[in-house]
Amino acid sequence: MASFQSQTNCENLFLFLVSVFFLLLSLTPMSAVNSDSAPSSCSKDSGPVVPTIPLLGFLQRVQETALKTYGKSSFDPKDYVDLSLKFNLSTTVEAFDKLPKTANGSVSVKDLDAFIGEYFKGAGEDLVYAEPLDFVPEPHGFLPKVENPEVRAWALEVHALWKNLSRKVSTSVHQHPELHTMLPLPGPVVIPGSRFREVYYWDSYWVIRGLLASKMYETAKAIVINLISLLDTYGHVLNGARAYYTNRSQPPLLSAMVYEIYNRTGDVELVRKALPPLLKEYQFWNSEIHKVIISDAELGNHSLNRYYAMWNKPRPESSTMDKKFASKLLNDCEKQQFYRELASTAESGWDFSTRWMRNPSEFTTLATTKILPVDLNIFILRMEVDIAFFAKVVGENTVAEDFLRASQTRQKAFNSVFWNAKMGQWLDYWLNNNAACETWEAQNQNENVFASNFVPLWIDLFNSDTPLVEKVTRSLQSSGLLCAAGIATSLTNSGNQWDFPNGWAPLQHMIVEGLPTTLPTRRQVQCMRNMMWKSVVNTVVVVNTYPRPVSVGPME
């Protein structure tokens with residue numbers, strides 16, 4: 001790859017490419033909800049379950065039959081829960097029940113092919129192409145400091161991908177929502193691509209960063225409006241715009257999206273429109289299921305947050321896999337809790353990692369709901385700071401003062417609960433499983449090293465503290481996470497996609513964006529960014545293929 005003309009050019013291009021490239025490395029979740037049967041309470045922490053549409057239960061039956069019929073080779077269970085009906089549900093179910101089946105429930109390939117062709121529209125047909133009105137082949141003032149012609153041409157090729165990934169929900173979804181798992185949205189969307197045919201929540205932050213670099217401001221605003229519509233309808237921003245995602249959210253970055261657009265465009269009306277929904281989202285993340293009151297070593301109480309999905313059954317898009325793992329468990333109560341942990345881990349975006357397991361070698365020990373995650377609480381701290389800023393912009397001074405105080409309180413909790421001075425990192429906290437739910441006791445910090453331990457560098461409240469960030473930087477440099485092509489997600493090579501040797505785009509971006517003020521010398525800044533550049537170049541081939549992490553490899 002051609003070298004940059006100057007260090008400044010390198011930095012500007014890098015920030016653009018990292019922002020745009022997140023679309024290509026889409027972080028799409030791997031879970032969903034199911035509506036087969038009513039939940040039963042079997043433990044003190046069984047929690048709520050939000051029911052979903054009848055169509056999903058039937059589509060999961062089709063999915064399971066398809067696996068028995070076609071076998072595991074090239075089988076993608078998500079394809080079947082993304083199908084749309086050509087006829088009403090009762091007619092389709094009746095036809096399906098009449099198919100001749102073997103003793104194990106399989107159908108002949110010929111019969112199942114014919115049935116799917118006659119009664120379903122293809123997965124993805126409920127989205128249609130939408131020409132982005134603010135796209136131009138080379139925007140005026142696009143990357144003005146990038147002079148290298150080879151690099152500039154490549155950047156424009158990446159920019160052109162917006163046209164390929166722009167969609168809108170079909171008319172049928174709006175007129176006959178009962179035939180679709182796709183949810184109606186008011187505006188155009190940008191999809192990750194490949195098997196991920198719908199808009200996703202936290203992916204959209206990096207999509208927007210790229211759109212802003214491409215000067216596609218209206219497309220960026222439309223994404224925010226779509227997410228707000230989901231929030232208004234369901235009380236939270238969904239993991240993705242499908243009926244099987246209604247029972248969980250994803251890392252809350254809506255306020256960060258609004259801030260980035262306002263910072264670029266000065267659109268006060270967008271801020272005014274977004275503020276009430278953001279207050280609603282803040283309430284969701286501070287509701288009973290997500291909020292934990294924790295007592296620290298000095299007996300001080302802190303209000304912090306966890307992931308907690310409102311579901312306790314197999315995820316439709318990977319139901320057979322979930323059931324296979326759950327078969328190791330002894331009873332329905334344990335299975336329900338395991339299914340909730342699966343969905344909660346998907347809510348985190350880190351599906352899956354040893355970060356969430358009590359026993360790193362046993363997948364069924366997932367315990368995400370018993371963890372206070374560093375990054376989730378950073379996102380909510382960012383939300384508090386953003387809301388305070390937005391409220392000031394629109395003249396809601398009382399709200400601004402309230403959220404400024406909330407952010408200061410959470411920052412103190414970070415120092416008390418998450419900070420580990422010996423390691424120079426912020427660490428997730430395990431909750432005592434036997435504690436009363438009203439006030440949990442801090443059991444212990446998770447001293448394993450994960451890239452998320454350094455995410456607080458992303459926000460100014462931490463990266464402006466020079467002595468602190470110098471210590472954190474030394475810790476990062478000696479952590480073992482820095483590899484030849486980027487930052488590894490963890491040090492454990494477990495086979496899970498959010499573990500070593502994989503690196504994920506959001507983690508690269510958030511840490512690197514915090515590094516310019518943290519690394520003690522400019523040479524070290526350049527060294528780190530060169531590693532990130534290699535990561536981008538090495539992974540550009542994944543465009544329009546199955547979204548996956550990058551193997552960052554061993555340190556050179």
side-chain hydrogen bond (donor to acceptor under 3.5 Å, both in side chains) between Asn305 and Arg410, worked out: CA-CA 10 Å; Asn305 303 83; Arg410 190 175 298 271; 2.8 Å; yes
Any side-chain heavy-atom pair of Thr369 and Tyr307 under 4.5 Å: no
Nearest non-hydrogen partners of Gly240 and Tyr200, listed with the distance: CA-CD2, 4.0 Å
Side chains of Asp499 and Ser490, donor plus acceptor under 3.5 Å: yes
Sub-6.0 Å ring centroid separation between Tyr262 and Phe390: no
Closest approach of Phe418 to Pro373 (non-hydrogen atoms, all atoms of both residues): CZ-O, 4.0 Å
Residue pairs involving residues 169-190 (criterion side-chain hydrogen bond (donor to acceptor under 3.5 Å, both in side chains); sequence neighbours excluded): Ser84-His180, Ser172-His180, Thr181-Arg242
Arg197 bridged to Glu125 by N-O distance under 4.0 Å: no
Parallel, tilted or perpendicular: ring planes of Trp504 versus Trp498, cut at 30 and 60 degrees: parallel
Nearest-0.5 Å distance, CG of residue Asn420 to CG of residue Leu427: 4.5 Å
Flag side-chain contact, heavy atom, 4.5 Å: Trp285 against Phe379: no
Within 6.0 Å of NZ in Lys324, more than 12 heavy atoms from elsewhere: no
Minimum side-chain heavy-atom gap Lys86-Lys121 below 4.5 Å: yes
Derivation and outcome, side chain to side chain contact (heavy atoms under 4.5 Å, CB included), residues Gln250 and Val237: CA-CA 8 Å; Gln250 254 194 343; Val237 184; over 6 Å; no
Spacing of OG belonging to Ser353 relative to CZ belonging to Phe500, to within rounding of 0.5 Å: 13.5 Å
Min side-chain heavy-atom separation Leu372-Trp430 under 4.5 Å: no
His509 side chain reached by Trp458 side chain, heavy atoms, under 4.5 Å: yes
With sequence neighbours excluded, residues passing ring pair (Phe, Tyr, Trp, His ring centres under 6.0 Å) with Phe284: His236, His290
Over 12 foreign heavy atoms within 6.0 Å of NZ, Lys68: yes
Pair Trp426 + Phe462: ring centers closer than 6.0 Å: yes
